[in-house]
Structures are given as structure tokens and as C-alpha cells.
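Quick note on labels: first sequence line is chain A, next is B, and so on, each numbered from 1. On a predicted model such as this, the values are computed, not experimentally measured, just so you know.
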Amino acid sequence: DTEVTQTPKHLVMGMTNKKSLKCEQHMGHRAMYWYKQKAKKPPELMFVYSYEKLSINESVPSRFSPECPNSSLLNLHLHALQPEDSALYLCASSRGASTEAFFGQGTRLTVV
Amino acid sequence: KQEVTQIPAALSVPEGENLVLNCSFTDSAIYNLQWFRQDPGKGLTSLLLIQSSQREQTSGRLNASLDKSSGRSTLYIAASQPGDSATYLCAAALFYSSASKIIFGSGTRLSIRP
């Protein structure tokens, strides 16, 4: 099983809403990642968790708040987003720092 | 700061041709170099992973090479098919404490004409 599952697949939210994106893997991977991808652009790294600890934060605005409650689950909490935050949000995991990364199918987020 | 560049940005070839996609990176201190495929609006599918100590990897009609000293990787696709049409992304995994940063190139949009 090399699957990374992201829910929901699509999300429309208003600028005053609070929502969460969820990512789950059962491969025993200890590194998990959040990426943001705008149309026709490559994915941009947002956060990296290693052994459930936040290792990398790429200067992401505080309206995005990551959480790693256990080794299989990664959340991204959203509040007070702007329309320019509309994008495909991708989650990935890898066994360690030097091993193959597997990506989920993404959550298509639209902020209205 | 690591930069990853892909050339060409777009490529259209007739079915059956062999083709090469190029990727270059500025910082040779990488864990690995990974090639992905992305279909429109979808997630990323891992194609090949080359560790920093390796020179090449093969999977079916795909062959990827890595030259760390020159900061280059190539993805060779043999006997291309219309189903190969997609965006191909290379990504370099960089040392960073206990984790790694995976930095993507801008991608090559490949179109295979029947």
C-alpha cells in the first residue's frame, strides 16, 4: 500500500470560515509534508513534519496552521483565508529524509 | 538557495518517438532526485527515484540518470505513447536537519500526438 489519502477532494469556503484539510497514510512513514500548488505552477513547500514534530515552516502565513496528532495523520487548519489562497493543496509522506516521497491526490480549495 | 530548472517547458512529439526531458539543480548536496508525473488537476505520481550515490534508474520505458557533479538529471522516455501526455516534474530532496526539503522544478508539459 503506497497510498496517501487526502480529504476532502474539493472545498469551497468563505473568508470568515474555519476548515481543516486531512491527510492520512498507513505506510509507517515518519516524514509528512504540505505543499501548495497554483495552476500551471510547481508545488511549493509549506511545512515538513519529522517524527510528528514540525521541522520546516517555509514562512507560511499564520492563517494556515498545521497539526500532526499522530504518525499517520496530518492536518492543515485554515481560517480567515484570502481568495489568493485558492489552490490545490497536496500532502506527501516518506519513510525518511532520503527516501521516496508519495503524494496524495490533493484538495482543491476555493476561497470565496 | 537551491533552484531546480526544467527544459523544455513544453514538448509536443508524434507517437513512437524517443524523448529526453532535462532537469538541472544548483546545489549538489541532495539526498535524491525524484521524477513525478502529474495529470491535469490531479496529484503527483512517483516515476523514478535516484539516490545521490546512484547514476541511473530504469522502470519499463523510463530511464532516469543523475550527474551530481554537473547538477543534472535526465528522464528518457522510449517509444512514447499518447497516454504519456502529462506534466513531468523533477524534484530534488535537500539536506535539512532531520528532514528534507523537496524542491520542484517548473515542469515539462508533454504532449504525444497520435
Side-chain angles (χ1 to χ4, degrees), chain A residues 2-7 9-10 21 23 25 27 29-59 66 68 74 87-110, chain B residues 1-7 9-10 21 23-25 29-54 57 59 64 66 68 86-111:
Chain A
T2 57
E3 191 170 351
V4 176
T5 303
Q6 291 187 242
T7 54
K9 287 185 170 45
H10 301 274
L21 309 184
C23 173
Q25 56 87 14
M27 296 178 277
H29 289 177
R30 305 313 297 267
M32 296 187 77
Y33 312 77
W34 279 116
Y35 281 82
K36 172 182 177 180
Q37 186 178 28
K38 302 283 279 184
K40 298 191 185 304
K41 297 290 187 182
E44 294 179 358
L45 183 64
M46 300 175 72
F47 303 103
V48 180
Y49 273 82
S50 178
Y51 290 86
E52 296 129 64
K53 287 185 169 47
L54 183 64
S55 295
I56 300 174
N57 177 342
E58 291 288 85
S59 303
C68 189
L74 185 66
L88 180 68
Y89 287 83
L90 294 163
C91 173
S93 71
S94 62
R95 183 166 299 280
S98 64
T99 57
E100 187 175 8
F102 295 91
F103 279 76
Q105 289 300 301
T107 294
R108 174 71 61 188
L109 174 67
T110 303
Chain B
K1 180 184 175 185
Q2 174 73 277
E3 291 187 4
V4 182
T5 307
Q6 290 186 247
I7 294 173
L21 307 182
C23 173
S24 61
F25 48 94
I30 62 171
Y31 279 123
N32 61 55
L33 193 293
Q34 196 166 351
W35 284 91
F36 293 89
R37 168 188 173 135
Q38 187 173 33
D39 293 291
K42 303 293 186 183
L44 279 66
T45 299
S46 177
L47 298 174
L48 287 166
L49 171 78
I50 312 176
Q51 295 290 355
S52 61
S53 58
Q54 297 175 323
Q57 283 287 331
S59 176
L66 175 65
K68 268 186 59 178
T87 296
Y88 290 79
L89 295 152
C90 70
L94 312 176
F95 299 123
Y96 195 93
S97 185
S98 62
S100 65
K101 286 191 179 186
I102 301 174
I103 306 299
F104 284 85
S106 51
T108 294
R109 291 190 306 282
L110 178 62
S111 175

* Test applied, side chain to side chain contact (heavy atoms under 4.5 Å, CB included); reference residue, Trp35(B); option that passes from Leu21(B), Thr45(B), Leu49(B) -> Leu21(B)
* Check: Tyr89(A) main-chain N/O paired with Gln6(A) side-chain donor or acceptor under 3.5 Å -> yes
* To do: Find the one option among Ile103(B), Asn32(B), Ile30(B) whose heavy-atom pairs under 4.5 Å with chain A are most numerous.
  => Asn32(B)
* Asked: Would you call the rings of Tyr35(A) and Phe104(B) parallel, tilted or perpendicular if under 30° counts as parallel and over 60° as perpendicular?
  -> perpendicular
* To do: Examine whether an atom of Ser50(A) lies under 4.5 Å from a heavy atom of chain B, and if so say whether it belongs to the side chain, the backbone or both; otherwise answer neither.
  => side chain
* Structure fact -> Answer key: most heavy-atom pairs under 4.5 Å with chain B among Gly106(A), Ala101(A), Ser55(A), Gly104(A) is Ala101(A)
* Would you tell me whether Thr87(B) and Gln38(B) have side-chain atoms, one donor and one acceptor, within less than 3.5 Å of each other? => no
* **Considering all heavy atoms, the nearest Arg95(A)-Met27(A) contact** => NH2-O, 3.3 Å
* Might you confirm whether atom NZ of Lys42(B) has over 12 heavy atoms from other residues, nucleotides or ligands at distances under 6.0 Å? => no
* Select, from Val48(A), Leu45(A), Ile56(A), the one with the greatest count of heavy-atom pairs under 4.5 Å involving chain B. => Ile56(A)
* Asked: What part of Gln6(B) is in contact with chain A, defined as an atom under 4.5 angstrom from a non-hydrogen atom: side chain, backbone, both or neither?
  -> neither
* Measure from the side-chain N and O atoms of Ser94(A) to the backbone N and O of Gly96(A), and report whether any donor-acceptor pair falls under 3.5 Å. => yes
* To do: Examine whether an atom of Ala31(A) lies under 4.5 Å from a heavy atom of chain B, and if so say whether it belongs to the side chain, the backbone or both; otherwise answer neither.
  => neither
* To do: Check each atom of Tyr33(A) against the heavy atoms of chain B and say whether the ones under 4.5 Å are side chain, backbone, both or neither.
  => side chain
* Asked: What part of Tyr49(A) lies closer than 4.5 angstrom to a heavy atom of chain B: side chain, backbone, both or neither?
  -> neither
* **Distance (rounded to the nearest 0.5 Å) between Arg108(A) CZ and His10(A) NE2** => 8.0 Å
* To do: Would you mind checking which part of Glu58(A) comes under 4.5 Å of any heavy atom in chain B, side chain (CB onward), backbone (N, CA, C, O), both or neither?
  => side chain
* Structure fact -> Honestly, the part of Gln37(A) sitting under 4.5 Å from a heavy atom of chain B is side chain
* In terms of heavy-atom pairs under 4.5 Å, which option from Arg109(B), Lys101(B), Gln51(B) contacts chain A the most? -> Lys101(B)
* To do: Let me know if Ile102(B) has heavy atoms under 4.5 Å from chain A in its side chain, its backbone, both or neither.
  => both
